[in-house]
Amino acid sequence: MKKSKTASPNLLPDILSKSANLYADNIAVRYDNEEISYREINRLSNQLYFCLRDKGVKIGKLVGIYIDKSIDSIVAIFGILKAGGCYVPFDPLTPVERQLYIINDCSLEYLIITSKKFYQLHQILTNNRFLKYIFVIDIDRKECKESYEGAEIIFKDDILGCKENGFTSRVENNDLAYILYTSGSTGRPKGVMISHRASLAFIDWAYEYFAIGQDERIGAISPFYFDLSIFDIFVTIKSGATICIVPQGMCGFPPSLTEFIEGEKITTL
């Protein structure tokens, strides 16, 4: 007799939910003198989860993230994973043609973006044949200054109007968690598909091996479209520690990076 499939209780979206229960008042993420607690980031990701789910995101649906490294980008990652979706992070510094290539290559129906990026990509997003929903997560509907034709636009106030509690994990080990695109230096970029099982094998190993404590502060130096960002994000969150996001481009200026490490009291980089 064939067994029915059941969702695992210990996959990527559950990492934040568990840590929010254990370390509710700990600072989860710091960026540009702003910070957010585990309780708050869990609440915001739950609201995004319900909004995504209401718009049809389910197991295996691909959701693009076109956001600079920030607190919002971490919220987006966990909101997508909670909805059962697979996140596809964009490199915000590459030409818009590459962004369009990824949208078309993935047949992306969903894209999470900030207002600045939305205005930059306005022309290529208009009437794209794949996009159905664009989530502009940092401004309310009344603040939008652009008219738009094509995908339905969801704004910050739409997301914050969703429920805060009631998240239930639905994903399974072999479901896709994220797709990371290669540099494309030898041809067109290729999307590498990573399952929850594969990602967790690394996360669980790193969690045990490095034994990060809840009082530590991890310098998130890797871009979110690069595989070592998985350590920065998920191992830190699992440990109840703090992700200190290194500003974009700072790695090219050692004195500034040194000052950042000292100022933020980074313990692991």
Side-chain angles (χ1 to χ4, degrees), residues 12-13 15-20 23 26-42 44-45 48 64-82 87-94 112-114 116-117 137-138 177-181 183 192 194 199-200 202-207 209-269:
L12 296 187
I15 291 175
L16 175 58
S17 299
K18 289 184 176 181
S19 289
Y23 316 109
N26 285 14
I27 300 303
V29 187
R30 276 184 53 82
Y31 177 68
D32 195 23
N33 295 320
E34 295 184 4
E35 57 187 32
I36 187 169
S37 69
Y38 274 84
R39 177 186 291 108
E40 182 68 3
I41 199 169
N42 190 54
L44 291 175
S45 65
L48 180 57
I65 302 177
Y66 188 49
I67 304 174
D68 291 327
K69 287 170 62 175
S70 62
I71 291 173
D72 282 339
S73 59
I74 304 291
V75 172
I77 286 170
F78 278 101
I80 293 166
L81 291 171
K82 286 182 176 185
Y87 75 88
V88 184
F90 287 62
D91 177 358
L93 299 181
T94 54
I112 300 178
I113 198 167
T114 57
K116 179 181 178 181
K117 300 300 182 187
I137 65 171
D138 63 335
Y178 48 89
I179 296 176
L180 304 181
Y181 270 78
S183 64
V192 181
I194 310 295
S199 186
L200 278 168
F202 169 73
I203 293 166
D204 290 343
W205 167 81
Y207 175 78
Y209 186 85
F210 292 101
I212 303 297
Q214 62 170 299
D215 295 325
E216 295 196 45
R217 298 162 73 86
I218 313 304
I221 202 167
S222 298
F224 291 162
Y225 55 85
F226 186 61
D227 55 1
L228 277 179
S229 66
I230 304 309
F231 178 94
D232 295 344
I233 300 168
F234 295 100
V235 177
T236 306
I237 293 294
K238 183 168 182 173
S239 303
T242 300
I243 301 170
C244 298
I245 296 176
V246 179
Q248 199 87 38
M250 184 176 283
C251 296
F253 300 91
S256 298
L257 181 59
T258 300
E259 185 178 343
F260 175 86
I261 292 170
E262 292 178 348
E264 290 290 331
K265 299 180 174 60
I266 301 299
T267 61
T268 300
L269 186 69

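All figures in this text were calculated on a predicted structure; none of them were measured in a lab. In what follows, every heavy atom counts, from backbone to side chain, and hydrogens, waters and symmetry copies are set aside.
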Self-check item: side-chain contact (heavy atoms from CB on, under 4.5 Å) assessment of L180 paired with D227
Solution: CA-CA 7 Å; L180 304 181; D227 55 1; 4.0 Å; yes

Quiz item: Hey, mind stepping through I41 and V75 against side-chain contact (heavy atoms from CB on, under 4.5 Å) and telling me if it holds?
Solution: CA-CA 6 Å; I41 199 169; V75 172; 3.7 Å; yes

Practice problem: Could you walk me through whether I212 and T268 pass side-chain contact (heavy atoms from CB on, under 4.5 Å), step by step? | Solution: CA-CA 9 Å; I212 303 297; T268 300; 3.9 Å; yes

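Across all non-hydrogen atoms, the minimal contact from I203 to V235 is O-CG2, 4.0 Å. Of all heavy-atom pairs spanning Y31 and K69, the tightest one is CZ-O, 3.5 Å. When every heavy atom of F224 is checked against every heavy atom of P89, the shortest pair comes out as O-CG, 3.3 Å. Shown here for L16 and S45, the closest heavy-atom pair between the two residues is CD2-OG, 3.5 Å. The minimum heavy-atom distance linking F90 with P92 is given by the pair O-CD, 3.2 Å. Considering all non-hydrogen atoms of both residues, R217 and C244 come closest at CB-SG, 3.9 Å.
The CD1 atom of I230 sits 10.5 Å away from atom CG of L200, with the distance rounded to the nearest 0.5 Å. For the atom pair CD1 (I218) and CD1 (I245), the distance works out to 13.0 Å, reported to the nearest 0.5 Å. In this structure, L81 CG and F234 CZ are separated by 5.0 Å, a value rounded to the nearest 0.5 Å. From D138, atom CG reaches atom OG1 of T114 across 5.0 Å, with rounding to the nearest 0.5 Å. To the nearest 0.5 Å, atom OG of residue S37 and atom OH of residue Y23 are 15.0 Å apart.
Counting heavy atoms from C-beta outward, M250 and I221 have side chains that stay 4.5 Å or more apart. Proximity of L44 to I36: side-chain heavy atoms (C-beta onward) are separated by under 4.5 Å at one or more points. Proximity of F260 to P247: side-chain heavy atoms (C-beta onward) are separated by under 4.5 Å at one or more points. Two residues are said to be in side-chain contact when any heavy atoms from C-beta on lie closer than 4.5 Å; V192 and I179 fail this criterion. Residues I112 and L48 form a side-chain contact, since some pair of their non-hydrogen atoms from C-beta on lies under 4.5 Å apart. In this structure, I71 and D32 have side chains that are not in contact, with every pair of non-hydrogen atoms separated by 4.5 Å or more.
A donor-acceptor pair under 3.5 Å is formed between the side chain of T242 and the backbone N or O of I27. Side chain of E216 to main chain of G213: a donor-acceptor pair is present (N/O by atom type, distance under 3.5 Å, no hydrogens or angles). For S229 (side chain) and D232 (main-chain N/O), no donor-acceptor pair under 3.5 Å exists by modelled atom type. Remark: side-chain polar atoms of N26 are not paired, donor with acceptor, to backbone N or O of Y38 under 3.5 angstrom.
Under the 30°/60° scheme for interplanar angles, the aromatic rings of F210 and F231 are found to stand perpendicular. In this pair, F202 and W205 present their aromatic rings tilted. The plane angle is within the 30 to 60° band.
Surrounding CD of Q248 are more than 12 heavy atoms belonging to other residues, nucleotides or ligands, all under 6.0 Å away. Heavy atoms from other residues, nucleotides or ligands lying under 6.0 Å from CZ of F253 number 12 at most.
Each of I137, I67, I233 was compared with S73 under the side chain to side chain contact (heavy atoms under 4.5 Å, CB included) criterion, and only I67 meets it.
When only modelled atom types and interatomic distance are considered, N42 and K82 share a side-chain donor-acceptor pair under 3.5 Å. In the model, S199 has a side-chain atom that pairs as donor or acceptor with a side-chain atom of Y178 under 3.5 Å. Using modelled atom types and a 3.5 Å distance limit, the side chains of D91 and Y225 yield a donor-acceptor pair.
Salt bridge present: K117 and D68 bring a charged side-chain N and a carboxylate O closer than 4.0 Å.
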